[in-house]
Amino acid sequence: MRQRIVSGARELGQLLTGAAIGLPAPFLLALILVSVPATLAAGLGVLLFAVAIGLSRRLADLERRRAAEVLGRPVHSPYAPLPTGLPARVRTVIGDPATWRDLAWLLCQFVVGVISVTLALGLWLAAAQCLVAPLLWAFLPDPTSFDPMVLEITGRSGPLAWLLVPVGAGLVVLAYRLPRHLITGQARLASSLLGPTSAAELSTRVEQLTATRAAAVDASATELRRVERDLHDGAQVRLIAVTMNLGMAEDVIDADPAGAKALMAEAKASAGAALTELRDLVRGIHPPVLADRGLAGAVQALALDSSIPVELDLRLDRRLAAPVESAAYFAIAESLANAIRHSEAHRVQITIAGGGLTLQITVRDDGHGGADPSRGTGLRGIQRRLSAFDGTFRLTSPPGGPTVLNMELPCAS
């Protein structure tokens, strides 16, 4: 019972807040209308317009947060980026459809907010009057002090006042349940007017996909250059040495069998070294342990090879698509390498959860913090790798630590 009372009071408070947010609407609209002749007369209209728009955007941002809490999903801000310079900013704000949608929402919120509060409070007052009608009729010296509507219903007869008690009970139920629907309606109104339009969302999505494609192409080209460089500087050089040693051994095998034997031994060592480098190169492209044991097994292998203790919390109940596992593995490997080389961490915690449609990865270290993607290629490489899969990357690294990397990858089966 107490919880219901608190919930009802909270919902009434939210309705009062919504009405208070809409109350400045007439003032702001009047301020915008006054800004036009003020600009023509004394050039002060720009300042009035800026004040009105600034206040309306603050109220809109507040309502977006309230709507997000009610709807359970974010209501993104649709404003166009502001350029430098006052004239350019004014032109951008005037030409931004979101500016006028804010004003339209503010006017609607003014009307809807006042009506919602009046309706909610009126229902509670009407319910209270109906419930206490028999008592008032019995104890008040002047029954004509009743509301005329009550007198009309009861026929100015005391016993008939008891008929209002079940009506009051029904009004109590309605007054308790109606505010949450009014709040949801205001939230949906805010989402439809204050959020990005379908065209804006489509345009933003196209820009994201274009950037993602460019990042994927760049990452692929970078990886290809790395493979070519490693082959040219490593295995290719050793294989050339093997060929030269075998050729020289063939030339001297009759005259100097011992020297030929030494050259062949050197060629064998070079071939072994080339084979090791080729294995390392393949492991850098797609580790065999990842293909054999999956992401969980590959991360466990990383932890075993780490020079610092690594705590693992692996919650994977299935194998993921090979590209997703590869991207996740290399992102974790790069994060672990950064923690060891740059953060001077003594312990790393890796958490992987992939029970739903999103693979969530958290890498936390106790190093000195201060990590910044703009100062190194490692974190930017992680961002590029994840962006190719429409993944997200969030970094928290205050000076003094700890550093926390939160990564998400879509992993729908």
Side-chain angles (χ1 to χ4, degrees), residues 74 208 211-212 215-216 218-220 222-223 283-398 401-413:
Q208 290 176 346
T212 298
D218 184 51
S220 177
T222 301
E223 186 70 11
R283 190 178 295 112
I285 298 173
H286 191 80
V289 66
L290 186 60
D292 297 338
R293 298 168 52 189
L295 180 60
V299 172
Q300 289 173 345
L302 275 178
L304 291 175
D305 292 338
S306 173
S307 59
I308 62 175
V310 178
E311 298 179 6
L312 298 179
D313 181 9
L314 307 179
R315 286 169 279 172
L316 286 173
D317 55 0
R318 68 187 193 278
R319 287 293 301 268
L320 305 176
V324 174
E325 286 189 338
S326 179
Y329 172 82
F330 284 110
I332 294 172
E334 184 64 32
S335 302
L336 182 59
N338 286 339
I340 296 174
R341 288 197 303 260
H342 306 299
S343 186
E344 299 179 359
H346 301 287
R347 184 175 296 274
V348 176
Q349 298 173 331
I350 299 176
T351 302
I352 304 177
L357 299 178
T358 303
L359 178 65
Q360 299 177 344
I361 304 170
T362 301
V363 180
R364 177 189 177 96
D365 68 67
D366 59 356
H368 55 64
D372 185 358
S374 64
R375 295 206 306 257
T377 59
L379 294 176
R380 288 202 301 270
I382 295 175
Q383 288 179 315
R384 287 195 300 267
R385 191 180 291 274
L386 297 181
S387 65
F389 296 85
D390 205 17
T392 60
F393 171 89
R394 294 187 302 275
L395 172 66
T396 303
S397 183
T403 296
V404 181
L405 281 76
N406 292 297
M407 298 169 279
E408 292 184 0
L409 276 171
C411 60
S413 300

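Remember, it's a predicted structure, so these values are computed and weren't measured experimentally. Count residues from 1 along the sequence.
No side-chain heavy atom of Thr403 sits under 4.5 Å from any side-chain heavy atom of Asn338. The shortest side-chain heavy-atom distance between Met407 and Val363 falls under the 4.5 Å cut-off.
Using a cut-off of 4.0 Å between Lys/Arg side-chain N and Asp/Glu carboxylate O, Glu325 and Arg293 are scored as not salt-bridged.
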Tell me, with the steps shown, if Arg315 and Thr351 meet side-chain contact (heavy atoms from CB on, under 4.5 Å).
CA-CA 8 Å; Arg315 286 169 279 172; Thr351 302; 3.1 Å; yes
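The CD1 atom of Ile382 lies 10.0 Å from the CD1 atom of Ile361; values are rounded to the nearest 0.5 Å. Expressed to the nearest 0.5 Å, how far CD of Gln349 lies from CZ of Arg364 amounts to 6.0 Å. From Leu409, atom CG reaches atom CG of Leu320 across 9.0 Å, with rounding to the nearest 0.5 Å. Within the model, atoms CG of Leu359 and CD of Glu408 stand 9.0 Å from one another, a figure rounded to the nearest 0.5 Å. Rounded to the nearest 0.5 Å, atoms NE2 (His346) and CG (Asp365) are 10.5 Å apart. Rounding to the nearest 0.5 angstrom, the gap separating the CG atom in Asn406 from the OG1 atom in Thr362 is 4.0 Å.
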Would you mind writing out the side-chain donor-acceptor pairs for residues 300-310 within the sub-3.5 Å range, not counting sequence neighbours?
| from | atom 1 | to | atom 2 | distance (Å) |
| --- | --- | --- | --- | --- |
| Ser306 | OG | Ile308 | N | 3.2 |
| Ser306 | OG | Ile308 | O | 3.0 |

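The two atoms that bring Phe393 and Leu405 nearest to each other are CE1-CD2, 3.6 Å, heavy atoms only. In plain terms, the two heavy atoms of Ala339 and Val348 that are nearest each other are CB-CG2, 3.9 Å.
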